Every structure is written in C-alpha cells, then in structure tokens.
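So you know, we letter chains A, B, ... as the sequences are listed, proteins then strands, and number each from 1. What you see is a predicted model, and the numbers here were worked out from it, not measured in a lab.
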Number of protein chains: 2
Amino acid sequence: MAMMLAGINRRDMGKMVEVAATRRSQPERREEMRRRLVAATLDALADHGHAGASLSVILDKAGVSRGAWAHHFDTKAEMLALAAEGLLREAVASAGTLSPPALSPSDGPAALGALLEQAWARFYEGRHRDLLFEVALAARTDAELKQRLAPIFSDFITAVGQSWGLALHPRPGAGVAVADLMVLTVYMLRGMAMQELAAGPSPDHARLRALWAGLLAAQVTF
Amino acid sequence: MAMMLAGINRRDMGKMVEVAATRRSQPERREEMRRRLVAATLDALADHGHAGASLSVILDKAGVSRGAWAHHFDTKAEMLALAAEGLLREAVASAGTLSPPALSPSDGPAALGALLEQAWARFYEGRHRDLLFEVALAARTDAELKQRLAPIFSDFITAVGQSWGLALHPRPGAGVAVADLMVLTVYMLRGMAMQELAAGPSPDHARLRALWAGLLAAQVTF
DNA sequence: GTAAAAACAAACCAATCGGTCTGTTTTATA
DNA sequence: TATAAAACAGACCGATTGGTTTGTTTTTAC
C-alpha cells in the first residue's frame, strides 16, 4: 500500500513530512484529465501539425498513460474533434467581444485600424492561427470531423458580420452592407495569415492592413 | 526469359500476335517514372491530405513498385518537396498569364470582376486550392520543406502585385498603389477559399467577390 | 552477341501507429 | 471497514509506416 508516494504526492521533502495525496472527487479527476488531454491535443497539433500529432506525442505532452487515456476517450479522432470544436467555439464567442476601441467617432480610420489589429492579433497570428489552419485542413479529408466543424466555421463568419457590423454604420451614399465588408475583412486577414504561415512574417503586412482600414473608412462610420 | 509478357507488353491478344514491348530510352523511362510519382504524390495529397498521403497510397496511385520508387527517390520527403515546388512554380508562372479579359476600358467593374473570377477559378477552387493549403500547412512544421517553399510563396505574391498591376492604373486622386490592392485581393480570395474548404461552398461568395470588384473599381482603371 | 549499368519488382525490416488487455490504486457507497 | 466502481499504469497487439535488400528484366556500350 502507498506505493505511489512519489513526486507530487510527497511535499516538504526537506522536513520529511508526509502530506496526504490531494484528495479529488471523481468528477473533478475526470474533468481535469479530459481537459489536460484536450489541451495536449491542441499543443501537439500546434507543435507538430496534424500529420505529426500522434497519440504518443499527445500523451507525452499531457503526461498521461495510455490506459488512463483509454478510460476517457474511445478514439483519437473523438478527442481531436472535441479539441477542435472547443477551439472554434471559443473563437466564435471571442469574435463577438472584439470591440473597436473607444475613440472619438470622428477618428474613423484609426479606430478601424485598431479593430483590424485586434482581430489580427487574436485570430491570425501565432498559435491560434496555426491551430485554425491545422483544424480546417484536417476536416477537409475527414468527413466526420468536417460535419462537426463546418457549422462552427459558418457561425464564425456570421458572428463577425453581425457583431462587428453593430458597432459600425454605412456611410450615407455607400451602397455596401457593413456586415459584408466585415466578412471581406476577415477573409483578407485570413489570406494574409496564410501567407505568413507559409512564407514567414512580412513587414509589409501591417502597412497593408492599415491601407485596408483606410479603404473601409471610406465606406463605414462609427 | 521473356517472363514479363503480361498486360501492357502483349497487344492484339485476339490475334495472338506478340508485339515487342515499347522500347524506351533510359532517360525517357526515368523522366516519365519521376513524373508519374510526383503526380501521384499530388493526387494522394489532394485525396487524403498530408496526414493520409502515405507512401503506400502514393505508390498505389502511381502503379509503381516500392523498389522502382527507391531507384528514383531517396526519401518520401524529397519527393513531396519536388511535387510541392512544381505545383507552386506553376502557380507563379500562371499568375502572370491571368489577364483581365478584353473589355471596353470604360467597363471597369465588370472587367475587374472577370479578373477576380479567373483568379478564383484558377487558384482557389477545387483541387488546386486543396493542394495549395495542404502544401502550405505541411511546410509549417517541416523546416526543410519550409525553406524550399517559402520563397516561392513570396514570389507568387510579388508576381500578382506586379503583373496584375501592369494591366491597371490608379485612378487619379486615389492614393493607393495598384500592386497593393492586387495583393489584398488575393489575400481576400484565399481567406474565402479557406472558408469554403472548411465550411463548404457558399452562394454568398460570388456576390462578395463582385462587391469587392466594385470597391476596387473605385480605386483603379484600365 | 556479351557484359555492365540502369530500371524495376517484391519480400523483408525495425519502428511506430491507434487501440486493447490485465492488473493496481483511488474514490464512492454502505 | 468492506465492496464496488472509477481512475489509472504499462505491457501488449496487429496493422501500417518509411525504407532496405535481393534478385530479375531492360537498356546501353562495346
């Protein structure tokens, strides 16, 4: 008995005081374990891509044994789907909270530029960008995954069009719907993100985003 | 001797006339075999994605034995890199040939719309789109591949900006470089392509492209 | 025609894949 | 405290991975 007093469960080793292992309820254990596994799945995806994110890599990152994993998930595909869904749902929710910073209403281009930079940093740079692309591509050749993710990708575009559109108004005379412009904007950011993903970051891109903000400012106002 | 008279090498089986196997020079053989293998690599990538494009799948598609393959390529990675390079170089070359259809110079929006549709159909629909994304993502987590592909991705953007820009002129008063607008345009198309890849085709997208063409028409002329 | 080289086929290989099985430890129930 | 169930660990499994080896066929050079 008490064979597992190693590492975490033994504290204050200097004083040689044994502290009982943290007692956690089974729902707590289950939830935390699944959370760890899903997080490790995304980490592996970000670090090694879909092709390189093997179950062994994921379990190593999570620090979870194969047996424990099997107790919580039936297949790797199921775990991946859950991880991807979580990632995308968070993005949808987050799209609604991106607000054009509080600037004087007359300061159109700058405020639009700030909105673009916010969206860029939140979705189309670094880890989130990588995961977004990995997950989208993984779904392409996996019917089951595609079925689960496709509606969330649609929701994201809808959310962008609607919530960003609420903060902006069409300039009188401009015959374009604000929601459409916002959708075009995220498409442009995405394409720019793919360029950076493939060819590395470009100093030109910040300038191009500002240029686009200027064009937008001719169409919308706050 | 003559153990391999099966299939291809025996013709006119009804008449039982033996026809000598087509004699091909070794450079011919080598070139055609490598071509077949590279083509099959892209096919596998398009059909099964990077994660699913195993060597076995590729060789099945090519109808080539493992031994024959080994005679022409050292590693799968090398073959994949060659296939990806070919794909992207063709795209760069093709970007230069996309011409705004011959329309009356006054017909700005329609001609720009036609250019967008040409680019959309050529690069961002169907197999080419899928391959483009697969290859870009594969490069992300493969340093060797990235090093070989990154400059070609950059070349593509440069080619779009320059060659498309040549056919167009900035409208007097518009303070935007035509090349920049063209780059923004391909970024937008790419982002739209990714949406279709992940969420399926959308009838809205043709309308959004036309809307974009309208915005462009306010900035450039022929 | 003959010998060497190139092209090709298929058996073979260690390593890894996703997944399962058996047994131990921890929590819940009574 | 006793018993069952849930959580967990690690050995194990057949299938598949990228790659190699051995041997045969075709082309080339003499």
Once base and sugar-phosphate atoms are separated, protein heavy atoms under 4.0 Å mark nucleotides 13-19 of chain D, 5' to 3', with B, S and - as ----SBB
Does this structure show an ion pair linking B:R89 with B:D155, if we count only N-O contacts that are shorter than 4.0 Å? no
- Item | Side-chain heavy-atom pair B:Q195, B:S202 within 4.5 angstrom cut-off | no
Exercise. Reckon B:H71 has a side-chain N or O less than 4.0 Å from the OP1 or OP2 of C:dA9?
Worked result: no
Q.
So, OP1 or OP2 of C:dA28: does either fall under 4.0 Å of a side-chain N or O from A:R23?
A. yes
note: A:R24, atom CZ; C:dT25, atom P; distance rounded to Å ~ 17 Å
Whole-Å distance, B:M33 CE to D:dT26 P, equals 13 Å
Here the distance between atom C1' of C:dC8 and atom CZ of B:R34, to the nearest Å, is 15 Å
Treating A:R140 as the side-chain partner and B:A46 as the backbone partner, does any N or O pair qualify as donor plus acceptor under 3.5 Å?
yes
- Quick check: does any side chain N or O of A:R36 sit under 3.5 Å from a backbone N or O of A:A62, one acting as donor and the other as acceptor? yes
Exactly one of B:V183, B:L181, B:V186 clears side-chain contact (heavy atoms from CB on, under 4.5 Å) with B:W164, and that residue is B:V186
### Message
Using modelled atom types and a 3.5 Å cut-off, is there a donor and acceptor pairing between side-chain atoms of A:E28 and backbone atoms of A:R24?
### Response
no
note: A:E28, atom CD; C:dT26, atom P; distance rounded to Å ~ 16 Å
Note: for B:G63 and A:R29 on DNA chain C, the residue whose nearest nucleotide lies more 5' is B:G63
One thing to verify: whether B:R35 and B:E31 come together as a salt bridge, which I'm taking to mean a side-chain N less than 4.0 angstrom from a carboxylate O.
no
The bend of the helix from C:dG1-D:dC30 to C:dA30-D:dT1, taken between the axes of its five terminal pairs at each end and rounded to 10°, is 10°
DNA chain D nearest-nucleotide lookup for B:P27 and B:G67: closer to the 5′ end is B:G67
From CE of A:M79 across to C1' of C:dG19 the rounded distance in Å is 12 Å
Q.
Evaluate B:Y124 against B:H205 for side-chain contact (heavy atoms from CB on, under 4.5 Å), listing each step before the verdict.
A. CA-CA 12 Å; B:Y124 300 119; B:H205 285 167; over 6 Å; no
Separation of C:dG18 atom P from A:E78 atom CD, nearest Å, is 15 Å
Atom CD of B:E32 and atom P of D:dT27 are separated, to the nearest Å, by 13 Å
Separation of C:dG18 atom C1' from A:L37 atom CG, nearest Å, is 15 Å
Check your understanding: Is a side-chain donor or acceptor of B:R190 paired with a backbone partner of B:F123 at a separation under 3.5 angstrom?
Key -> no
